[in-house]
Amino acid sequence: MRILFVGDVVGRTGRTAIADHLPGMIRDWSLDLVVVNGENSAGGFGITEAIYQELLDAGADAVTLGNHAWNQKEALVFIERAPRLIRPLNFPRHSPGRGATLVDTKSGKRALVINAIGRVFMEPSSNDPFSAIERELEACPLREGCDAIVLDFHAEATSEKQGVGFFCDGRVSLVVGTHTHVPTADHQVLPGGTAYMSDAGMTGDYDSVIGMQKEEPLQRFLTGIPSGRFEPAGGVATLSGIAVETDDATGLAVKVAPVRAGGRLEPAVPGFWT
C-alpha cells in the first residue's frame with residue numbers, strides 16, 4: 001500500500017498548497033491512502049466543516065486533529081456527522097467524535113487511522129496515550145482487522161514521540177508526529193517494521209514562526225507582552241509530510257521518505273515512486 005501523510009495544514013496558504021499539490025501526487029504516485037492533519041487549517045486554529053470537506057475533496061481519506069481541535073466551536077457539533085474527522089483518542093471521556101476510524105482506501109483495502117495526543121509539555125487534561133493506543137490495536141490488529149494502520153501522534157516532546165514509535169513497532173504501519181510544525185530528519189523504518197518520523201512538519205509558509213506571522217511572536221519573545229493575536233503567515237506554503245510503502249502481506253513498512261513541495265523548503269519526493 002502507498003501511504004501519504006501530510007503535516008499540519010496552517011491557514012489559507014496551507015489549504016492552497018493542498019489544492020495545488022495533493023491531487024497530482026495522488027495521480028502520479030498512485031496513492032492508496034492519504035491522511036492530512038487539519039487542526040490548524042481554519043485561520044491557524046481549528047477546523048470548520050467547509051474546510052474539512054475541502055480537504056476531502058482534494059483527496060484526503062481521513063483528517064486528524066490535535067490540541068486545537070475545538071478552537072472552532074462548530075467542530076464540537078459537526079464532528080459527529082464527519083466519520084473521517086478524527087480527534088485525539090485520549091481526550092477526556094465525554095469528548096465528542098472519535099479517536100480512530102476505519103477507512104476504505106482508494107484501492108479497496110481497509111486502513112485504521114488513529115489520532116492521539118501527548119502529555120509532556122502539553123495540556124494536562126488528556127488521558128494516558130499508551131493505554132488508549134493499546135486498546136485500539138487490540139480491537140483492530142494489523143493484518144487481522146485491517147491492511148494498514150496510521151497513527152498521528154500530536155505531541156511536543158520528541159522523547160514521547162519516540163517512545164510511542166517503539167511501543168507500536170511491529171504493530172503499526174506508520175507512526176508520525178505532528179504539532180511542532182518543523183519537519184525532522186529521522187524518517188526510518190524501525191526494527192520491527194513500523195515507519196517512523198518524529199514530526200512531519202507543517203503545510204504552511206515557512207517564512208514565519210511555526211506558521212504565524214513573525215511580528216507578534218517576536219514581540220512576545222522580546223517583551224513578554226502580547227500586542228495582538230497570532231495570525232497565519234500568508235506566503236507560499238510548503239506541503240510537508242511523509243511517504244510510506246507497505247508490504248501487502250504484513251502491513252508493515254518497506255520504504256519511507258520525506259515529502260516537501262512548493263514554498264521555501266528544499267523539495268523532497270519519494271524516489272521509489274518516481
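From a predicted model like this one, the values you see are computed outputs, not experimental measurements.
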Within this structure, what is the [atom1]-[atom2] distance for the pair [X] and [Y], rounded to the nearest 0.5 Å?
X      : Y      : atom1 : atom2 : result
Phe45  : Asn40  : CZ    : CG    : 7.5 Å
Ser227 : Glu216 : OG    : CD    : 3.5 Å
Leu31  : Ile26  : CG    : CD1   : 6.0 Å
Leu265 : Leu239 : CG    : CG    : 11.0 Å
Asp61  : Thr101 : CG    : OG1   : 11.0 Å
Arg143 : Thr250 : CZ    : OG1   : 6.5 Å

Nearest heavy atoms of [X] and [Y], plus distance in Å:
X      : Y      : result
Pro258 : Met197 : CB-CE, 4.4 Å
Ile114 : Ala100 : CG1-CB, 4.0 Å
Gly44  : Met212 : CA-CE, 4.0 Å

Passing candidate, side-chain contact (heavy atoms from CB on, under 4.5 Å) with Leu112, options Ile149, Leu142, Leu151: Ile149
Val6, Val9, Ile47 screened by side-chain contact (heavy atoms from CB on, under 4.5 Å) with Val63, the one that passes: Ile47
Short side-chain donor-acceptor distance under 3.5 Å, Ser131 and Asp128: yes
Asp199-Thr180 side chain donor-acceptor pair, cut-off 3.5 Å: yes
Side-chain contact test, heavy atoms from C-beta onward, threshold under 4.5 Å: evaluate it for [X] versus [Y] and give yes or no.
X      : Y      : answer
Glu215 : Leu218 : no
Phe130 : Asn90  : no
Tyr196 : Asp169 : no
Arg135 : Leu89  : no

Partner residues of Val77 under the side chain to side chain contact (heavy atoms under 4.5 Å, CB included) criterion, sequence neighbours left out: Arg81
Any side-chain to backbone donor/acceptor pair from [X] onto [Y]? Under 3.5 Å, distance only.
X      : Y      : result
Arg87  : Asn115 : no
Ser208 : Gln213 : no
Arg260 : Glu266 : yes
Thr203 : Gly7   : yes

Arg110, CZ: over 12 other non-hydrogen atoms inside 6.0 angstrom: yes
Residue Arg220 excluded, over 12 heavy atoms near CZ under 6.0 Å: yes
Derivation of the salt bridge (Lys or Arg N to Asp or Glu O under 4.0 Å) call for Glu134 and Arg171: CA-CA 10 Å; Glu134 181 66 32; Arg171 302 189 292 164; 2.9 Å; yes
Give every donor-acceptor pair under 3.5 Å between a side-chain atom in residues 241-249 and any protein atom, sequence neighbours left out.
{"from": "Glu245", "atom 1": "OE1", "to": "Trp273", "atom 2": "NE1", "distance (Å)": "2.6"}
{"from": "Thr246", "atom 1": "OG1", "to": "Met1", "atom 2": "N", "distance (Å)": "3.0"}
{"from": "Thr246", "atom 1": "OG1", "to": "Met1", "atom 2": "O", "distance (Å)": "3.4"}
{"from": "Asp247", "atom 1": "OD1", "to": "Ala249", "atom 2": "N", "distance (Å)": "2.7"}
{"from": "Asp248", "atom 1": "OD1", "to": "Met1", "atom 2": "N", "distance (Å)": "3.1"}

Other ILVMFWY residues reachable from Val236 by side-chain steps of under 4.5 Å: none
Mutual orientation of the aromatic rings belonging to Trp70 and Phe91 [parallel < 30°, tilted 30-60°, perpendicular > 60°]: tilted
Side chain to side chain donor-acceptor pair (under 3.5 Å) assessment of Thr105 paired with Asp32: CA-CA 6 Å; Thr105 71; Asp32 298 298; 5.3 Å; no
With Glu156, the side chain to side chain donor-acceptor pair (under 3.5 Å) member among Lys161, His179, Arg119: His179
Phe272 six-ring face occupied by Arg2 cation (under 6.0 Å, within 45°): no
